Amino acid sequence: MKDWLCKNDQPLMLPIQRIEDEAEGVKTYYFSHRLNSRPGQFVMMWIPRLNEKPFSIAYDTGEEFGLAIAAIGPFTQRLAAMKVGDRVGIRGPYGKPFTIVDNAKHVVMVGGGYGVAPLATFAEQLRTKSSKIHFINGARSEHKLLFRDRLAKLDAETYYTTDDGSFGEKGRVTAPLERILKTGSVDFVYTCGPEMMEKAVFDLAEKYNVPSQISIERYMKCGYGICGACSVDGTGQPVCCDGPVVTNEQARTIREFGVHHRKGSGRKEMFA
Amino acid sequence: MIDLSTEFAGLKLANPTVLASGILGVTRDSLKYVVHQGAGACVIKSISKEERKGHDAPNMHGIEGGFMNAVGYSNAGWKASKEEFSGLKEVGAPVIASIIGKDAQEFAFMAEHFLSDEFAAVEAVLSCPHTPGYGTLAGQGTPESTAEITREIRKRTKLPLFIKVSPDSQPIGEIVKAAEAEGADGITAVNTMGPGIQLNIEARAPVLHFGRGGVSGPALRPIAARCISDIYQSVKIPIMGVGGVTTGHDAIEFMMLGASAVQIGTAIYYRGLDVFRHITDEMSEWMEREGFSSVKELIGIAHV
């Protein structure tokens, strides 16, 4: 039998090893399993007889991995009611990760919400390459800012912005980003967060001719490029495989980036 | 040099590999991408009258030797989909519409409202095994239903009409004869088989949210091959063979049994979108070695 015919993607039923509070309404669920993920990849989590959803990977030490999840819908609320020892199905990791680009010695990372986590993991890996890192973390207000403790441990210059000025600089992530880009010393920009924030970050990086990588989130069902739910207009490629992290060259050809996405039925929805 | 081009019910195909319905195909640009990767034509994901969310996930599951799915016909409904599937010339190869309906009237509605001249043909699916209200679960896989649905669609479109049949609807020869008698121009054989069930025993639950799902991939191939053989003996209209075609040799097998083209679905899971090129390369290589010059020479030469 041909090797590739032995492929399958069956979920592993893994017990929740521990649960930690991350911020208001957000918990991180840890699993003792060697996932071998790279920053920016995701897993599919299955709660039997309920549903299956994609989640980005917040922590992966090699020995265990953690998923930071807010209880906002039926799926995540059921998860929030689970206890240590309860099992969920995990398959993956899937997707293209953030990558270290040769000669990028001075980089800016811009994270919003859960998007901060994969960038923080990535920053921890980059640090060993003796790169200079600026890390911008933005949210609507102080209690929505995630992973501050984690960023404090990073050997990076950190910036905080909140829309209401309750913590850090009042305003959007683009203000400190533009100040840093203006110095002309930045080699690369990485961003992960809400799409309109990412679009603003991408546009600024383009304006200053700095290459970037962007994580594009879409509705996903399978995770391996079959169902077509996450195919993006412009390239037609499914971002579960040809993403979620894309280069700025790719982002230019993804016509729907920052414009619209699709629901589970395939119907278009505009970004507000 | 092997001539890979072929014709199917008037459609000119650069090669006999066609994207099967339900795999990618949600958007026009995804079809364009698949054609760019080497498909000779493509079938869109099936469209219903109303918008449908489909079943909850997991919708798909790889098993040993095959694949199971229960997507439940998620689609944006006829109106939004008509807009989605416009400007189809950009795709670069024939685009075949796929329509579903709860009964003959709904199929008639779809033919009248959803189909446009931009499509090269239409495939009517009477054979889904995992969506209540449609396909075999709605009893559409009988000669009587097939005749009625084919007749209603035929009255409302001039597009070449293909009927997609289930491997579980028997005797399949009678079903395709009914389609041919009512004016179908081709048969797509076959849909997934089953449905089947697989449990995750740790979870004490079925692996698919819907509980059961259609089985595709290599496990389906011998069944599909036999159906193609039965159909080839029953009707004169051409057959689009589908069901577990994963290599060029599989495609040759289906064509030797009587298929004029083959659809590819699950194989994309195993081999990525390069599978279209892999399959045509493998076909060419084998045919060259065996002294063929055109894929058309294969059709029905070893029918059983």
Side-chain angles (χ1 to χ4, degrees), chain A residues 1-15 44-54 74-75 86-89 91 218-239 241-242 253-256 260 262-269, chain B residues 22-36 45 47 50-54 56-67 69 71 73-77 80-81 83-84 91 198 200-207 209 211 217-218 246-247 265-273:
Chain A
M1 207 174 195
K2 295 183 173 66
D3 284 349
W4 39 260
L5 268 180
C6 298
K7 179 181 169 186
N8 65 36
D9 288 81
Q10 316 221 348
L12 280 170
M13 294 304 294
L14 298 177
M44 300 297 293
M45 183 197 282
W46 176 44
I47 300 181
R49 298 185 193 272
L50 181 63
N51 214 329
E52 186 182 45
K53 302 274 178 189
F75 186 90
D86 288 347
R87 287 186 289 187
V88 296
R91 56 185 179 92
R218 285 293 178 270
Y219 189 95
M220 289 172 189
K221 291 181 194 172
C222 70
Y224 37 71
I226 296 293
C227 75
C230 69
S231 291
V232 286
D233 287 351
T235 62
Q237 295 175 321
V239 289
C241 299
D242 297 293
T253 62
I254 297 175
R255 222 171 40 237
E256 68 174 59
H260 66 79
R262 282 180 169 83
K263 303 197 296 179
S265 71
R267 185 184 284 270
K268 281 183 202 173
E269 274 189 341
Chain B
I23 292 86
L24 299 164
V26 176
T27 65
R28 182 196 58 185
D29 286 8
S30 75
L31 298 174
K32 191 174 161 186
Y33 180 54
V34 172
V35 167
H36 184 71
K45 187 157 163 51
I47 305 300
E50 316 291 346
E51 179 178 10
R52 290 179 55 87
K53 182 177 164 279
D56 282 334
N59 301 104
M60 325 205 158
H61 189 81
I63 60 173
E64 292 77 2
F67 201 80
N69 90 82
V71 174
Y73 281 139
S74 55
N75 77 93
S81 301
E83 208 176 295
E84 178 67 53
V91 172
Q198 192 174 80
N200 180 310
I201 57 173
E202 272 76 38
R204 282 82 159 153
V207 294
H209 183 82
T246 311
T247 68
T266 305
I268 298 171
Y269 172 66
Y270 297 116
R271 306 180 81 181
L273 276 178

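Source: prediction; values computed, not measured. Keep in mind that the numbers below use all heavy atoms, side chains included, and drop hydrogens, waters and symmetry copies. By convention in this document, chain letters (A, B, ...) are assigned in the order of the sequence lines, proteins followed by strands, and residues within each chain are numbered from 1.
- Contact between B:His209 and A:Asn51 at its shortest, heavy atoms only, is ND1-N, 4.2 Å.
- The most heavy-atom pairs under 4.5 Å with chain B, out of A:Lys268, A:Lys221, A:Gln237, come from A:Gln237.
- For the pair B:Leu24 and A:Pro238, the minimum side-chain heavy-atom distance is below 4.5 Å.
- Of the atoms belonging to B:Phe67, it is side-chain heavy atoms, and not backbone ones, that fall under 4.5 Å from chain A.
- Distance check, rounded to the nearest 0.5 Å: NZ of A:Lys263 to CD of B:Glu51 gives 4.5 Å.
- Taking CE from A:Met13 and CD1 from B:Ile201, the interatomic distance works out to 11.5 Å, rounded to the nearest 0.5 Å.
- Contacts with chain A were tallied for B:Gly217, B:Gly77, B:Ala76; B:Ala76 has the most, counting heavy-atom pairs under 4.5 Å.
- The greatest number of non-hydrogen atom pairs below 4.5 Å with chain B, out of A:Cys227, A:Gly266, A:Gly264, is found for A:Cys227.
- Between chain B and the residues A:Gly228, A:Gly236, A:Ala229, the most heavy-atom pairs under 4.5 angstrom are made by A:Gly236.
- Using modelled atom types, one side-chain atom of A:Gln10 and one backbone atom of B:Gly62 make a donor-acceptor pair closer than 3.5 Å.
- Of the two parts of B:Glu84, only the side chain, counted from C-beta on, holds a non-hydrogen atom closer than 4.5 Å to a non-hydrogen atom of chain A.
- Neither the backbone nor the side chain of B:Ser81 comes within contact range of chain A, judged by heavy atoms closer than 4.5 Å.
- Looking at B:Arg271, only its side chain comes within 4.5 Å of chain A, counting heavy atoms on both sides.
- In this structure, chain B has no heavy atom under 4.5 Å from any part of A:Lys53.
- When all heavy atoms of B:Pro206 and A:Trp46 are compared, the pair lying nearest together is O-CZ2, 3.3 Å.
- The two residues B:Thr27 and A:Ser231 make their nearest non-hydrogen contact at OG1-CB, 4.2 Å.
- Within a 6.0 Å sphere centred on NE2 of B:His36, other residues, nucleotides and ligands contribute 12 heavy atoms or fewer.
- B:Asp56 places none of its side-chain heavy atoms less than 4.5 Å from the side chain of A:Phe75.
- Atom OG1 of A:Thr235 and atom NZ of B:Lys32 lie 10.0 Å apart (nearest 0.5 Å).
- Shortest non-hydrogen contact noted between A:Ser265 and B:Arg52 is CB-O, 3.2 Å.
- Atom CD of B:Glu202 and atom CG of A:Leu14 lie 10.5 Å apart (nearest 0.5 Å).
- Within the model, atoms CE of B:Met60 and CD of A:Glu52 stand 10.5 Å from one another, a figure rounded to the nearest 0.5 Å.
- Chosen from B:Ala205, B:Ser30, B:Gly22, B:Pro58, the residue pairing most often with chain A at heavy-atom distances under 4.5 Å is B:Pro58.
- For A:Arg49 (side chain) and B:Ala203 (main-chain N/O), no donor-acceptor pair under 3.5 Å exists by modelled atom type.
- Considering all non-hydrogen atoms of both residues, A:Tyr224 and B:His61 come closest at OH-N, 4.1 Å.
- With values rounded to the nearest 0.5 angstrom, B:Leu273 atom CG is found 7.5 Å from A:Ile226 atom CD1.
- Interface remark: of the candidates A:Gly89, A:Cys222, A:Gly234, A:Gly234 forms the most heavy-atom pairs closer than 4.5 Å to chain B.
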